[in-house]
Number of protein chains: 2
Amino acid sequence: MATYQAWEALGDPSRFAIVAALAERPQAVGELAATLPISRPAVSQHLKVLKSAGLVTDRADGTRRIYRLNPTGVAALRDQLDTFWARALSSYQEITEEEKP
Amino acid sequence: MATYQAWEALGDPSRFAIVAALAERPQAVGELAATLPISRPAVSQHLKVLKSAGLVTDRADGTRRIYRLNPTGVAALRDQLDTFWARALSSYQEITEEEKP
DNA sequence: ACGAACCGAAAGCTACGACTTACCAAGGAC
DNA sequence: GTCCTTGGTAAGTCGTAGCTTTCGGTTCGT
């Protein structure tokens with residue numbers, strides 16, 4: 001989980017759709033593939049990327065594999081955005097104060 | 001600002017580095033290029049993408065162009081992650097409650 | 001008015017990533 | 001034990017995103 005891999009993972013439309021779907025409820029590979037315009041192996045490959053990025057976890061259920069969103073991974077991204085946001089705001093603060101006189 | 005373009009924008013390592021740099025302080029194109037391992041035109045192209053994604057804004061300053069982070073754009077991504085996070089958590093909740101008996 | 005600094009646009013090349021088809025493995029039903 | 005469902009893996013193709021070099025356009029200084 002190189003902490004940045006998650007950004008690259010979410011940068012793909014298919015993977016983003018998968019994450020959005022898994023946010024609703026945990027799902028098996030076939031279920032996901034049925035709602036997406038790509039083949040099942042493609043979904044498998046994307047899930048592999050998402051898993052190594054720490055964004056999803058999986059567990060076996062018979063012949064099926066149930067994937068679910070990993071809240072920890074999502075939280076890590078959110079925290080990073082929070083940092084960016086806070087720093088950008090403080091920059092704004094400084095600028096507007098400079099421009100006051 | 002197709003709201004998703006921002007994810008694709010952040011999915012590139014160079015653009016992510018640019019955003020991180022702009023989070024520290026507003027900078028000109030040349031400044032950014034000096035700290036990155038890519039050419040200045042490449043930085044320009046990335047800034048174009050980031051701008052159309054609503055993640056940065058620019059303003060002219062003589063012959064220079066000062067780019068800064070757009071807090072609104074960053075906040076939009078954070079909110080989306082918040083949604084994912086909340087839904088994943090409630091999924092967990094339901095699952096663990098189902099497994100109780 | 002001329003030169004320098006700074007930047008965006010165009011053109012072209014290369015590499016990588018997303019997808020498909022085909023195959024193989026594992027588990028459950030009967 | 002056999003069949004069927006479910007998924008991951010391998011191999012191969014194709015598009016495109018990212019980069020560089022080159023050129024053109026503004027703006028400031030002197």
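The structure presented is a predicted model; accordingly, all values stated were derived computationally and were not measured.
- Rounded to whole Å, atom P of D/dG7 lies 13 Å from atom CG of A/L36.
- Protein atom CZ of B/R64 is 12 Å distant from nucleotide atom P of C/dG8, rounded to whole Å.
- Within the 4.5 Å cutoff, the side chain of A/I18 has no heavy atoms near those of the A/V56 side chain.
- The environment of B/W85 atom CH2 is sparse: at most 12 non-hydrogen atoms of other residues, nucleotides or ligands sit within 6.0 angstrom.
- Nearest heavy-atom pair, A/Q27 versus A/L22, reported as atom, atom and distance to 0.1 Å: N-CD2, 3.7 Å.
- The phosphate of D/dG8 has OP1 or OP2 within less than 4.0 Å of a side-chain N or O from A/Y67.
- Just one residue in the list A/N70, A/T57, A/D58 forms a side-chain hydrogen bond (donor to acceptor under 3.5 Å, both in side chains) with A/K51, and that residue is A/D58.
- Using the six-membered ring where Trp is involved, B/W7 and A/W7 have ring planes that are parallel, under 30° apart on the 30 and 60° scheme.
- Distance A/R65 CZ to D/dT9 C1': 14 Å, rounded to the nearest Å.
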Next item on the list: Indicate for each nucleotide in nucleotides 9-17 of chain C, in 5' to 3' sequence, whether protein heavy atoms under 4.0 Å reach the base (B), only the sugar-phosphate (S), or nothing (-).
Entry: BB-------

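- Among the protein residues, B/A28 comes within range of the sugar-phosphate backbone only, with heavy atoms under 4.0 Å from sugar or phosphate atoms but none that close to a base.
- Following rounding to the nearest Å, A/H46 (NE2) and D/dG8 (C1') show an atom-to-atom distance of 15 Å.
- Taking atom CD1 on A/I38 and atom C1' on C/dT20, their separation rounds to 11 Å, with Å as the unit.
- Of the inter-residue distances, the one linking B/D79 atom CG with A/R78 atom CZ reads 10.5 Å to the nearest 0.5 angstrom.
- To the nearest angstrom, C1' of D/dA17 lies 13 Å from CD of A/E8.
- Expressed to the nearest 0.5 Å, how far CZ of B/R40 lies from CD of B/Q45 amounts to 10.0 Å.
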Margin query: Within the 4.0 Å limit for protein heavy atoms, which parts of nucleotides 24-30 of chain C are touched? Write it as a string from 5' to 3', B for base, S for sugar-phosphate only, - for none.
Written below: ---BS--

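- The shortest distance between side-chain heavy atoms of B/L55 and B/L77 falls below 4.5 Å.
- For the atom pair CD of B/E8 and CZ of A/F16, the computed distance is 10.5 Å after rounding to the nearest 0.5 Å.
- Rounded to an integer number of Å, the gap from A/I66 CD1 to D/dT6 C1' is 11 Å.
- A/R59 has its CZ atom 13 Å from the P atom of D/dG7, to the nearest Å.
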